[in-house]
**Q** 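Provided herewith is a single structure, encoded as C-alpha cells, for subsequent inquiry.
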Amino acid sequence: MSFPLLTATAVLPAIGAIATAAVPAPRRTAAKWLALVVSLATLVLAGIVFARFEPGGDRYQLTESHAWIKDFGVRYELGVDGIGVALLALTALLIPFVILAGWHDADPLETHSTRWRPTQGFFALILMVEAMVIMSFVATDVFLFYILFEAMLIPMYFLIGGFGDRAHSGSDENAAAQRSYAAVKFLLYNLVGGLIMLAAVIGLYVVAGSFSLSEIAEARANGSLDMATSTERWLFLGFFFAFAVKAPLWPLHTWLPNAMGEATTPVAVLITAVVDKVGTFAMLRFCLQLFPEASKWATPVIIVLALVSIVYGALLAVGQRDIKRLIAYASISHFGFIVLGIFAMTSQGQSGATLYMVNHGISTAALMLVAGFLITRRGSRLIADYGGVQKVAPVLAGTFLIGGLATLSLPGLAPFVSEFLVLVGAFSAYPVAGIIATTGIVLAALYVLVLYQRTMTGPVKESVSGMPDLRVRELAVALPLIAVLIFLGVFPKPLTEVVKPAVKHTMQDVQKKDPQPEVEAAK
C-alpha cells in the first residue's frame, strides 16, 4: 500500500491540535511553538502533494478509498485535482502566518493565571480548522465532504465567540455581547445552509445510489443515471444555497462583516482567506460536476447575484469607518468576482476564479494581518483615529500599501492576473456582465486609496506619534506574503499549469466550449 499522503496532510494538524490542547496551562509558549511547528510540517507535506501532482495526469490523483459505513454506501475517499491542490497549498501556506500573527492574541489578561488555558485552546482550534479545511479540499465522497463542511463550524464558532478583538471601542460587556452575537449569527447562517444541503445530499443518494463522485460520474457517462430535470434542479439549489452562504454571496453575506469585525485579526483571516474558500471550491467540484444541466439553468440568476455582490460589497466598503469591516465588505465584492468567473462557464473565467481564490487568500491575509498590527498598536479599529502613520512607522505603512494595492488588483501583483482572467471570461460569454463587473475595479481603487490616505498620510495625530514600526515577528509575517504576491504577479505559471487541466474537466462536465471571437473577413 502506498503512503496515504493526503490523509497524513489532513490528520497531522488534527493530531497537533490535540497535542497543543494538552500542553499544561503554565507552558503557553510551548503550546505556541508546538502549533507553529505542526503547521510548518503540514506545509511541508502540502508542498510534497503539490510537487507530486501531475497536471497532465488523471483528474483525481493520490487517491485513497476505503469502506466506511457500508450499510449506507459511505466511503472514505480522497483525491486531489488541480483546483483542490492549489487551495490545499494556500491553506497550508497561510496557517503558519496566522499562528505567528496571533502569537499574543490569546494570552490571558491576568499574568498570574495558571489554570485558565486560552492560549492552548486558541491555537488548537486553529489547527483543527486547518485539518478540516484540507480534508474538505480532497474529499471525493459527498457525505464525507458534508460532515467536514459542517464540523468546521464548531471550532470557528469558539474562535469567534471565545477570542474576540481586544481593540473594541466599547465596554467589556458590550464587546462580549457583540462577539457572542457575531458567533451565533455565523453559526446559524451556516447551519441553516448545511441542513438544506443535508436534504439535498440524501436526495442525491436516493437518486444516484452512491455518494462517490467517481461512481456518479461513471454512471452519468454510461447512461445508467438518468436524473429528472426537476429533481436535478432541486438538488442543485440545495447544494448551491449552502455554498453561497459559506462563500458568502449576496444576499446571504450579512454574517461575514460581524464575524470578521468581532474576531481577532488572525481569525478574521482564517474566515475569509481559508474557510470561505470551501464554498466557492464546492461550487466547482459539486454543483457543476454533479448537476451540469441545473448549473446552466441557474447561471443567469447567479451571475446577477455575483454582480450585485461585486458592486454592493465595494460600495459599502467605500463608506466604512471600521478598518476590519471595510476589508470584510471588500471580500464580499471579491467573492462576487469568483462566483462570476465560475458561472461564466468559460475556461478563462474558471481558471481566473480558481486563481482568484488563491490570490485573494494571500492578498487579504497580507492586508488584514498588517491592519491587525496597526490596530493592536493604537487600540482602535476606527479609521478616524489614525493619521500620518507613514511618518512614524514607514515599514508598516509600506507593507499596508502593498497589501492594499494587491487588493485593488494592481498589475504586477498576483490578484491582477486572476481578476483579468475572470473579466475576460465573463465578457466573452456575457458582455454586459463583464462591463458591470469592471465597476468593482474602480470602487476598489477608491476604498483602498482612501483608506491609506486617511490612516497613513497627513499630519501625525498625537495618538499615533509614538507608534513603533513592525517588529521582527511581524516582519516575518508580512514580508513573505508580499514576496508571494509579487512572485505570482509576475510568474503565475506554477498555478495556471496546475489549474488548467482541472478547468478543462469541469468544462467537459457542463458540456461548454469557449465562445469563439467574431472576426470580420478582410475585404
Side-chain angles (χ1 to χ4, degrees), residues 86-87 89-98 100-102 126 129 133 156 165 246-249 253 256-257 259-261 263-281 309-310 313-314 316-317 320 322-339 352-375 381 399-410 413-419 422 440-441 443-445 447-448 451-452 477-486 488-489:
L87 293 173
L90 169 70
T91 303
L93 174 67
L94 291 182
I95 295 301
F97 297 113
V98 168
L100 268 178
I126 289 175
V129 171
V133 170
M156 287 305 307
D165 188 359
K246 182 82 79 178
L249 185 68
H253 67 284
L256 182 65
M260 289 183 64
T264 64
T265 302
V267 173
V269 171
L270 197 63
I271 294 169
T272 191
V274 177
V275 173
D276 287 356
K277 299 300 185 299
V278 177
T280 47
F281 161 80
S309 291
I310 292 170
L316 288 185
Q320 289 302 307
D322 183 308
I323 296 174
K324 291 173 69 176
R325 290 178 70 90
L326 185 152
I327 299 173
Y329 280 109
S331 292
I332 291 170
S333 181
H334 295 149
F335 277 107
F337 276 106
I338 295 171
V339 175
T354 304
L355 293 178
Y356 214 129
M357 292 185 230
V358 176
N359 295 332
H360 170 263
I362 300 169
S363 63
T364 299
L367 179 61
M368 179 64 89
L369 292 177
V370 176
F373 299 149
L374 176 70
I375 292 168
R381 306 196 311 245
T399 53
F400 188 83
L401 177 61
I402 295 174
L405 293 176
T407 298
L408 63 82
S409 300
L410 184 77
L413 297 173
F416 169 76
V417 179
S418 46
E419 194 164 281
V422 166
I441 302 175
L443 293 171
Y447 60 70
V448 168
L451 171 64
Y452 183 83
V477 172
L479 295 183
L481 291 174
I482 290 173
V484 174
L485 286 173
I486 296 172
L488 293 178

**Q** Could you work out, with side chain to side chain donor-acceptor pair (under 3.5 Å) as the rule, every residue matching Lys246, not counting sequence neighbours?
**A** none
**Q** Give a yes-or-no answer on whether the side chains of Tyr329 and Gln320 include a donor-acceptor pair shorter than 3.5 Å.
**A** no
**Q** So which of Val98, Leu90, Leu94, Ile126 actually passes side chain to side chain contact (heavy atoms under 4.5 Å, CB included) with Val274?
**A** Leu94
**Q** For the atom pair CD1 (Ile310) and CD1 (Ile441), what is the distance rounded to the nearest 0.5 Å?
**A** 9.0 Å
**Q** When rounded to the nearest 0.5 angstrom, what is the spacing between CG in Leu413 and CG in Leu485?
**A** 6.0 Å
**Q** Test your reading of the model: is there a side-chain donor-acceptor pair from Ser309 to the backbone of Gly336, 3.5 Å cut-off?
**A** no
**Q** Rounded to the nearest 0.5 Å, what's the gap from CD1 on Ile95 to CG on Leu100? Could you check?
**A** 11.5 Å
**Q** Kindly compute the distance separating CZ (Phe281) from CD1 (Ile338), expressed to the nearest 0.5 Å.
**A** 13.5 Å
**Q** Heavy atoms only: give me the nearest Ala353-Val422 pair and the separation to one decimal.
**A** N-CG2, 3.6 Å
**Q** May I ask you to test the Val269-Thr364 pair for a side-chain heavy-atom distance under 4.5 Å?
**A** no
**Q** How about Ser331 and Thr272: does a side-chain donor come under 3.5 Å of a side-chain acceptor?
**A** yes
**Q** If I take atom OG1 from residue Thr265 and atom CZ from residue Arg381, how far apart are they, to the nearest 0.5 angstrom?
**A** 9.0 Å
**Q** Does some side-chain heavy atom of Leu408 sit less than 4.5 Å from a side-chain heavy atom of Leu410?
**A** yes
**Q** CE/Met260 to CG/Asp322 distance, rounded to the nearest 0.5 angstrom?
**A** 10.5 Å
**Q** Which heavy atom in Val417 sits nearest to a heavy atom in Leu488, and how many Å separate them?
**A** CG2-O, 4.3 Å
**Q** Please confirm whether the ring centroid of His360 lies under 6.0 Å from the ring centroid of Phe335.
**A** yes
